[in-house]
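See structure below.
These figures come from a predicted structure and were not determined experimentally. Residue numbers start from 1 in every chain, and the chains themselves are labelled A, B, ... in the order their sequence lines are given, proteins ahead of strands.
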Amino acid sequence: MLALTGVTKTYGDGVGRVTALDDVSLHVEAGGFVAVCGPSGSGKSTLLNIIGLLDKPDAGDVSLGGERVVLAGRAEAARLRNRLIGFVFQSFQLLPRLTAWENVALPLFHRGLGRAERRAKALAALDKVGLSDRAAHRPDALSGGQRQRVALARALVGEPALVLADEPTGSLDSVSAGAALDLLRDVNERLGVTIVMVTHDREAAARCDRTINIRDGRVAGEAA
Amino acid sequence: MRAGPPPAALALEALTNLRGQGARSLLALLGIVIGAAAIVALTNLGHVAQAETLKRFEQMGVDMLVLRGIPAGEGPVRLDRETIERLPASDPDVVEATPLAIGRDGVRPLNRRQVAEEDAMIVAVTPAIFPVAGLDVARGRALGPFDACVPVAVAGSVVARDLTAGQAVLEPGERLSLAGYVFTLVGVLEPAPLEALSPVDYDRSILIPLSCARRALAAGDPTVALVRLQPEADPDRTGPRLAAALGNATATVSVRSAREMIAAMKRQTGLIARLLAGIGGISLVVGGIGVLNVMLMSVMERRREIGLRAALGATPADIRTLFAIEAAILSLGGGTLGAALGMSVTVLFSLLSGWDYVAAWWIPMLGPAVAVLVGGAFGLYPAFAAARVDPIEALRAE
Ligand SMILES: Nc1ncnc2c1ncn2[C@@H]1O[C@H](COP(=O)(O)OP(=O)(O)OP(=O)(O)O)[C@@H](O)[C@H]1O
Ligand SMILES: [Mg+2]
């Protein structure tokens with residue numbers, strides 16, 4: 001599903017030069033549920049951004065769905081993201097002036113779907129995360145756990161093959177975090193969506209199929 | 001694979017975003033409205049003023065020529081009266097022609113002791129002056145063909161008022177002392193609009209028969225001729241011909257045509273109109289900077305939203321279009337509202353100053369057209385800035 005070979009990424013130059021990723025190679029099979037762990041600053045987010053086509057590696061190849069991704073430009077990367085990838089962020093990233101279903105429908109808007117179709121699909125996605133009764137609420141009327149479920153619905157609404165989650169439980173209490181993990185697990189098992197999740201939480205990582213440990217921009221080992 | 005949201009959907013989204021920004025959008029709109037209103041109102045005012053000025057000229061008719069004798073030697077100008085009066089018969093382009101002799105002297109009503117002598121223009125004329133110069137009589141009568149050399153006079157409206165010193169109005173029948181002679185007043189003129197082409201300010205003149213000119217004027221011969229041409233005549237060709245016909249040993253003759261004066265006047269008022277439009281344009285640029293300001297603020301404040309949209313699949317072109325449409329809505333809406341406001345202001349101004357309101361079809365267009373130009377110029381930069389936002393930086397949790 002997903003393969004990185006020899007990916008390197010550095011930031012800045014001269015004295016301030018930071019190697020965020022150093023010759024990283026890894027492979028995630030289709031339908032896998034993988035946790036990425038490591039200390040702060042080890043390069044987890046950088047890794048996820050490169051997998052998510054938000055950033056380009058300085059060297060190395062990225063393959064998605066068996067095809068090597070050679071990005072011609074930002075527009076093409078945006079279209080690929082829209083079609084293939086769902087994102088879940090630590091701080092939810094919901095737009096406060098939109099209702100829950102409008103937030104969920106945002107990827108479909110940028111895919112060019114009409115409003116009726118967007119709404120129908122967004123409501124179906126909200127139903128999957130158990131929030132159909134909150135469709136018309138704005139984010140500030142929702143709890144943190146509910147917000148993250150809305151964000152998850154948004155990640156799923158475009159029927160992506162891959163969901164990337166950067167510390168999805170980092171802003172949640174343990175109960176909500178557990179519920180969000182249940183949901184991710186469920187999505188992974190029932191819909192067969194590949195999930196890569198960055199987490200600091202050992203318990204969260206333990207619920208994944210496997211854990212990739214990152215230290216100083218290198219893959220430090222794997223645990224199944 | 002579909003290319004992205006259609007422009008209509010982006011426009012709707014842009015409208016929603018503008019509404020979401022409430023007061024800030026309104027302020028930007030107001031800037032454009034005022035700018036567009038200023039440019040439309042000032043241009044329209046220039047237009048109205050130009051029409052008003054030209055109306056003054058056109059009242060006397062565009063077919064007027066003024067032929068003026070310029071002394072050729074030491075002696076006074078002596079144009080030939082007969083030649084002038086025969087012009088309608090001798091020249092096919094001439095409809096009417098009237099000779100004038102002009103001088104100045106003191107005038108006093110004989111029976112009003114308390115009134116001091118007034119200095120007035122004494123104009124010796126033939127009866128044809130009344131139709132040619134468009135003079136109307138308020139009281140009494142005009143000079144007629146039988147006044148050949150009877151000492152009668154017609155007074156201009158201002159002279160007639162000045163000679164009463166605030167007392168009972170001057171009536172036909174009163175006698176005037178003029179250059180040592182006694183003239184009987186037979187009529188008083190209606191106020192005549194002052195035309196730039198006219199050799200005489202009729203309101204401040206005493207008109208007497210040309211045949212009497214030798215009595216009241218130092219030089220009794222005509223010095224000026226007013227000529228009305230056939231409408232299809234070309235003053236540029238007729239003028240020199242007439243000047244040649246009238247010139248003699250005492251004088252060469254200069255020609256001024258109403259058409260030429262109107263053209264000069266048009267150039268002048270056109271210049272003023274352009275100046276006014278320029279001032280309006282400056283205020284529109286200020287409005288455009290308002291749009292720039294609001295749009296840039298909007299881009300900065302919505303960095304996170306832009307980054308999110310980009311991460312979720314909005315292409316840079318989609319984002320650019322979204323923000324460009326927002327600027328376009330502000331500019332076009334503001335320009336249209338401003339045009340309406342500007343036109344209303346001009347109508348009101350015209351009403352208050354008693355001018356005729358006129359507008360060319362292109363004046364209301366000016367508002368939205370220039371606003372879109374300015375809005376486009378100032379709205380494009382923020383749109384490009386928005387498209388450059390990096391989703392990673394924008395979404396990084398603070
Ligand atoms: N835009 C950037 N410019 C310069 N350095 C950067 C940039 N982004 C990341 N880095 C550096 O790259 C390294 C890896 O950062 P990254 O965000 O991937 O870490 P992380 O593992 O996600 O950490 P955390 O757990 O704190 O989120 C860090 O040293 C960071 O300072
Ligand atoms: Mg991180």
Tell me which donor-acceptor pairs under 3.5 Å the side chains of residues 335-346 of chain B have, and how far apart each pair is, sequence neighbours excluded?
from, atom 1, to, atom 2, distance (Å)
B:T336, OG1, B:L332, O, 2.7
B:S344, OG, B:A340, O, 2.6
B:T346, OG1, B:G342, O, 2.7

Show me the donor-acceptor pairs, under 3.5 Å and distance only, between side chains in residues 385-394 of chain B and residues at least two apart or in other chains.
from, atom 1, to, atom 2, distance (Å)
B:D390, OD1, B:I392, N, 3.2

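For B:A317, no part lies near chain A; criterion is any non-hydrogen pair under 4.5 Å. A:D55 touches chain B through backbone and side chain together, each having a heavy atom under 4.5 Å away. At a 4.5 Å heavy-atom cutoff, A:R115 makes no contact with chain B through either its backbone or its side chain. Residue contact with chain B, scored on non-hydrogen atoms closer than 4.5 Å, involves the backbone and the side chain of A:F109 alike. Contacts of B:L12 with chain A are absent, with no heavy-atom separation under 4.5 Å from either backbone or side chain.
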Open item on the list: The test is side-chain contact (heavy atoms from CB on, under 4.5 Å); show your working for B:T43 and B:W362 and say whether it passes.
Closed with: CA-CA 10 Å; B:T43 308; B:W362 51 266; 3.7 Å; yes
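Side-chain atoms of B:D318 and B:T321 form no donor-acceptor pair, as typed in the model, at a separation below 3.5 Å. A donor and an acceptor atom, one from each side chain of A:D23 and A:T8, are nowhere located under 3.5 Å apart.
Looking at B:E326 and B:R302, a side-chain N of the basic residue comes within less than 4.0 Å of a carboxylate O on the acidic one, giving a salt bridge. The residues B:R24 and B:E301 are annotated as salt-bridged, a charged nitrogen and a carboxylate oxygen being separated by less than 4.0 angstrom.
Checking side-chain atoms of B:R304 against main-chain N and O of A:Q93 turns up no donor-acceptor pair under 3.5 Å. In this structure a side-chain-to-backbone donor-acceptor pair under 3.5 Å is present from A:K9 to A:K56. Between the side chain of A:Q148 and the backbone N or O of A:P168, at least one donor-acceptor pair lies under 3.5 Å.
Chosen from B:A311, B:G20, B:P6, the residue pairing most often with chain A at heavy-atom distances under 4.5 Å is B:A311.
Contact annotation for residues 96-106 of chain A against chain B (heavy-atom separation below 4.5 Å, listed by residue number): A:R97, A:L106. Interface with chain A: from residues 27-41 of chain B, no residue qualifies, criterion being any non-hydrogen pair under 4.5 Å.
A cation-pi arrangement is found for B:R320 relative to B:F384, the charged atom lying closer than 6.0 Å to the ring centre and inside a 45° cone about the ring normal.
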